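Take a look at the structure set out below.
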Amino acid sequence: MSALVPPSAAPRFALLAFAAFALVPDTAPMATAGELPAIASRQRAEKKSFTDAEIVDGFFKTAFGAEYHLAGRVDRIRKFDGPVRVFAETDRADRKAQLARVVADIGKRVQHLDIAMTDTAEAANVRVKLVRDRDLYRTITSFYGAEKAREIRTSLDPQCLSGFRKNEQFEIEHSDVILTVDTGDFTFLDCAYEEVLQSLGPINDTASVPWTMFNDNVSMGYFDVYDQYILNLLYDPRIKAGMTVLEVRAVLPEVLADVRAWVKQVNDLKE
């Protein structure tokens, strides 16, 4: 996905992560991830065993940097430092229910992340706006202005996107996610997982890691084991907002050992 950061004189926006997807007619009833054949087949074939080097490589490539970057520093860890509350702005009860299950699944699988839905916009620090495809660019323009919306459309032609605002300590203060509702269930879930997760900090896409959903060539539709490693590393209390690569490397061995134990437990891995 991508990131956009306005000049430092304004509140910092690290952000714009987005994905381009083909529209799929939404003729089937609302489904959960486990009920969709496209997701079930991916879960059966999923690689779940990784070396330390493979996990660390993906973590550094996604937690640092930003694919679509205009201003501001991106060489530091960016994450929320406190509870995350997600508000869905939509009149589609079915998509809101799917989003709530996505958020609950993320909360279940990331040990030190307190994330949940909220019924009020005032209580939220993550706003998810669900729109029809025809309203996507109008919504992007309302969020980021006409000039940046044109840049986004020309460069990436997104189907969904996310972004966050961070403070001077690189703590994420607020995230915005835009999802389109008139897609098939697989595409909606794929977008929802990727954009919500990227809004939590790992904003940089990479084409060189084949196991992560933060690769434009990979579609998952669920929270895969590899990305659970990335998010659990990021939200371990020993990995702090504002850390540099060298600072992270100094604590990573002990953090990774604990993360391995957690991911094994929560996924009932046999290795």
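All values derive from a computational prediction rather than experimental measurement.
- Summarising the geometry, atom OG1 belonging to Thr206 is positioned 11.5 Å from atom CZ belonging to Phe214; distances are rounded to the nearest 0.5 Å.
- Using a 4.5 Å cut-off on side-chain heavy atoms (C-beta onward), Leu231 and Pro202 make contact.
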### Task
Please test Thr62 against Gln198 for side chain to side chain contact (heavy atoms under 4.5 Å, CB included), starting from the C-alpha separation and ending with a verdict.
CA-CA 9 Å; Thr62 57; Gln198 289 203 302; over 6 Å; no
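- The list of salt bridge (charged side-chain N to carboxylate O under 4.0 Å, His left out) pairs with a residue in residues 106-124, not counting sequence neighbours, reads Arg85-Asp114, Asp105-Arg109.
- With respect to Arg134 and Asp182, no salt bridge is recorded, no charged nitrogen being found less than 4.0 Å from a carboxylate O.
- For the residue pair Thr212 and Asp227, a side-chain donor N or O sits within less than 3.5 Å of a side-chain acceptor on the partner.
- Residues that satisfy the side-chain contact (heavy atoms from CB on, under 4.5 Å) test with Glu46, not counting sequence neighbours, are Lys48, Tyr222, Asp224, Val225.
- Using modelled atom types, one side-chain atom of Ser175 and one backbone atom of Ser199 make a donor-acceptor pair closer than 3.5 Å.
- A distance of 4.5 Å separates CZ of Arg127 from CG of Asp176, quoted to the nearest 0.5 Å.
- Contacts of Ser41 classified as side-chain contact (heavy atoms from CB on, under 4.5 Å), with partners at least two apart in sequence or in another chain: Arg44.
- Rounding to the nearest 0.5 angstrom, the gap separating the CG atom in Asp57 from the CD1 atom in Ile55 is 11.0 Å.
- The nearest pair of heavy atoms linking Ser162 to Ile203 is O-CD1, 4.4 Å.
- Every residue was checked against the ring pair (Phe, Tyr, Trp, His ring centres under 6.0 Å) condition with Trp262, not counting sequence neighbours, and none meets it.
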### Evaluation steps, side chain to side chain contact (heavy atoms under 4.5 Å, CB included), between Asn167 and Ile172
CA-CA 7 Å; Asn167 60 25; Ile172 300 174; over 6 Å; no
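- No option in Leu256, Val255, Ile230 other than Ile230 meets the side-chain contact (heavy atoms from CB on, under 4.5 Å) test with Phe59.
- Considering only residues two or more places apart in sequence or on other chains, Tyr226 meets the ring pair (Phe, Tyr, Trp, His ring centres under 6.0 Å) condition with Phe50, Trp211.
- Scored by the salt bridge (charged side-chain N to carboxylate O under 4.0 Å, His left out) test, Glu247 finds no partners at all (sequence neighbours excluded).
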### Working for side chain to side chain contact (heavy atoms under 4.5 Å, CB included), residues Met220 and Tyr193
CA-CA 9 Å; Met220 306 298 290; Tyr193 271 107; over 6 Å; no
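- With Phe164 as the aromatic partner, Arg78 does not meet the cation-pi criteria of under 6.0 angstrom to the ring centre and within 45 degrees of the ring axis.
- Taking all atoms of both residues into account, the shortest heavy-atom contact from Val209 to Asn215 is O-ND2, 3.0 Å.
- Not counting sequence neighbours, the partners of Lys129 by the side-chain contact (heavy atoms from CB on, under 4.5 Å) test are Glu89, Val131, Thr139, Phe143.
- Taking each heavy atom of Lys79 and Ile239 in turn, the nearest pair found is NZ-O, 2.6 Å.
- Shown here are the side-chain contact (heavy atoms from CB on, under 4.5 Å) partners of Asp81, two or more places apart in sequence or in another chain: Glu171.
- Remark: Leu189 CG to Thr187 OG1 distance equals 9.0 Å, nearest 0.5 Å.
- A heavy-atom distance below 4.5 Å is not found between the side chains of Val102 and Phe223.
- Note that OG of Ser219 and CD1 of Ile39 are 10.5 Å apart. Values are rounded to the nearest 0.5 Å.
- Distance CD1/Ile178 to SG/Cys191: 11.5 Å, rounded to 0.5 Å.
- The existence of a salt bridge linking Arg95 and Asp185 is confirmed by a sub-4.0 Å separation between a basic side-chain nitrogen and an acidic carboxylate oxygen.
- Shown here are the salt bridge (charged side-chain N to carboxylate O under 4.0 Å, His left out) partners of Arg249, two or more places apart in sequence or in another chain: there are none.
- A donor-acceptor distance shorter than 3.5 angstrom exists from the side chain of Tyr235 to the backbone of Leu200, with no hydrogens or angles considered.
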### Task
Go through the steps to decide whether Val177 and Glu195 satisfy the test side chain to side chain contact (heavy atoms under 4.5 Å, CB included), and finish with yes or no.
CA-CA 7 Å; Val177 176; Glu195 303 306 337; 3.7 Å; yes
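- Nearest heavy atom pair, residue Ser49 against residue Glu54, reads O-OE1, 4.3 Å.
- Both the sub-6.0 Å distance and the 45° axial angle are not jointly satisfied by Arg76 relative to the ring of Phe64.
- In this view, Phe87 satisfies the ring pair (Phe, Tyr, Trp, His ring centres under 6.0 Å) rule with no residue, not counting sequence neighbours.
- Residues Asn125 and Glu173 form no side-chain contact, since every pair of their non-hydrogen atoms from C-beta on lies 4.5 Å or further apart.
- For Asp91, there are no salt bridge (charged side-chain N to carboxylate O under 4.0 Å, His left out) partners, not counting sequence neighbours.
- For the residue pair Gln98 / Arg101, no side-chain donor-acceptor distance below 3.5 Å is found, with atom types taken as modelled.
- With a 4.5 Å cut-off on side-chain heavy atoms, Thr244 and Asp75 do not count as touching.
- Taking each heavy atom of Ala124 and His174 in turn, the nearest pair found is O-ND1, 4.4 Å.
- Here the shortest heavy-atom pairing between Phe80 and Val126 reads CZ-CG2, 3.8 Å.
- For Gln228, the side-chain hydrogen bond (donor to acceptor under 3.5 Å, both in side chains) test picks out Asn267, with sequence neighbours left out.
- Phe60 places a side-chain heavy atom less than 4.5 Å from the side chain of Val245.
- You'll find the side chain of Thr118 stays beyond 4.5 Å of the side chain of Val86, heavy atoms only.
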